[in-house]
Amino acid sequence: MSILSGKHIILGVTGSIAAYKAADIASKLTQAGALVDVILTGAGEKFVSPLTFQSVTGRKAFTDKDLWGDQAHVMHISLGKVADLLVIAPCTADTMAKLAHGIADNLLTVTALAAKCPLLIAPAMDGGMFDHPATQENLKTLQSRGVWVTGPAEGHLASGLKGTGRMVEPAEVLGQIRVALGQNGELTGKKVIVTAGGTQEAIDPVRVITNHSSGKQGYALAQAALDAGAEVTLITTPTALTPPVGAKIVNVKSVQDMLDALLNESADVLVMAAAAADFRPKHVAQNKLKKRDGIPQIELEAAPDILKTVAGSGSKTKRFKVTVGFAAESRDLLENASEKLKSKGLDFIAANDISAKDAGFAVETNRITLLFADGSQETLPLMTKTEAAEKIIEHIARLLK
Ligand code: PMT
């Protein structure tokens with residue numbers, strides 16, 4: 001189940017042109033199962049109407065009229081009490097100043113003062129306003145109180161100028177919301193490394209040996225670990241995917257790059273979801289191989305086995321408290337996976353039947369059997385890669401306990 005499902009989120013919308021992007025944020029949160037109560041400031045209402053938010057959330061959108069309505073005496077308390085998170089996106093310099101100084105002169109700032117939940121702001125203003133010492137002081141004050149801040153980004157501003165002041169894109173705000181909500185998750189305080197994608201082994205400056213891995217399973221694992229509160233490093237080969245917000249991204253190409261990147265990191269958990277090459281060209285041609293020279297004979301050699309190096313019997317010390325591998329098999333699934341579990345020194349392995357059309361490389365779903373070092377097994381039904389990732393993270397949290 002998504003970390004957003006059933007979460008109560010207050011979305012404050014203040015007076016910036018970026019307010020139109022808040023409708024997208026409200027819509028995406030609602031689609032992910034969150035209960036979204038929008039509070040618009042008077043200036044926010046000038047940019048987008050409450051009806052827009054009501055239409056995308058299916059819930060009443062609140063304005064300052066409600067501050068003085070028949071529920072006025074309890075409105076701010078009741079909204080703030082039920083919320084898991086208060087997000088203000090966009091957050092103007094004016095609202096930042098009010099938050100920093102405890103000023104409560106509209107429904108949003110009154111609610112912010114009364115709320116007990118974490119606060120995330122996405123500042124949006126002109127570059128000069130953001131750079132102003134007053135705003136910078138307010139920002140520092142808010143950060144010192146544990147307020148989460150995302151952005152602002154650099155780029156084109158409403159004034160026509162370029163500078164730092166743009167609200168970050170809705171996807172970034174949504175990612176930060178997940179990170180903030182995950183803070184007391186089962187992996188809080190733990191470091192997790194996830195590898196993703198297919199490695200690329202160079203033949204010459206233009207050609208590589210690679211495979212069909214899209215990185216989807218690895219990226220889903222990184223997101224699930226973030227949702228559980230972990231500090232995540234995602235070591236990834238080039239993919240078409242957007243990296244999860246909050247993860248440290250390390251870009252690699254070959255097995256050797258991936259191994260080197262891994263040896264540079266320390267963590268509690270390693271999840272090797274990448275499809276790493278078993279073989280690579282023994283010699284990489286310095287120049288592009290030419291057709292006129294005939295069909296090349298490419299001699300292969302064994303690529304380093306990353307898991308064996310960092311976790312298996314060849315490894316001198318146990319680098320990770322929990323090490324998880326994947327086995328992509330087209331035949332004898334459980335026998336082969338079980339052999340890899342032992343030879344690679346893993347705590348568990350996810351055996352992937354890649355002969356099925358709806359599992360394995362590049363599709364949205366997976367069919368996985370988990371084989372554990374203690375001999376137990378769990379066969380998961382067909383599920384999305386996100387659901388499979390959440391299951392794997394649950395098992396990691398159990399083993400860490
Ligand atoms: O990326 P997607 O399109 O979402 O597809 C997902 C996936 C099919 C790539 C993924 O779920 C998966 O099965 N990954 C492992 C694929 C693989 O390389 O399996 P393997 O049986 O060859 O290797 C076994 C384990 O050893 C894997 O954890 C692998 O990362 C690791 N390995 C492999 C080779 C190598 N040189 N070093 C390694 O550590």
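On a predicted model such as this, the values are computed, not experimentally measured, just so you know. Both counts, for ligands and for their atoms, begin at 1 and track the order of listing.
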Does Arg398 qualify as a cation-pi partner of Phe372, given the criterion of NZ or CZ under 6.0 Å from the six-membered ring centre and within 45 degrees of its axis?
yes
Do Val255 and ligand 1 have an N or O pair less than 3.5 Å apart?
no
Looking only at distance, does Ala277 have an N or O less than 3.5 Å from an N or O of ligand 1?
yes
Looking only at distances, can you tell me whether any N or O atom of Val363, backbone or side chain, sits closer than 3.5 Å to an N or O atom of ligand 1?
no
Would Tyr20 and Thr52 count as having a side-chain donor-acceptor pair, cut-off 3.5 Å?
no
Is Gly215 close to ligand 1, meaning an N/O of one under 3.5 Å from an N/O of the other?
yes
Does Gly360 come within less than 4.0 angstrom of ligand 1, counting non-hydrogen atoms of the residue?
yes
Quick test: of every protein heavy atom, which one is nearest to atom 7 (C) of ligand 1, and how far off is it to 0.1 Å?
Asn352 ND2, 4.0 Å
Please work out which of Phe279, Tyr219, Phe326 has its closest non-hydrogen atom nearest to atom 15 (C) of ligand 1.
Phe326
Can you pull the salt bridge (Lys or Arg N to Asp or Glu O under 4.0 Å) pairs that have at least one residue in residues 110-122, sequence neighbours excluded?
none
Proximity flag Ala273 to ligand 1, non-hydrogen atoms under 4.0 Å
yes
Are any non-hydrogen side-chain atoms of Leu300 and Glu201 less than 4.5 angstrom apart?
no
So for Pro304, does at least one of its heavy atoms come nearer than 4.0 angstrom to any atom of ligand 1?
yes
Qualifying residues under side-chain hydrogen bond (donor to acceptor under 3.5 Å, both in side chains), relative to Gln31, sequence neighbours excluded
Ser27
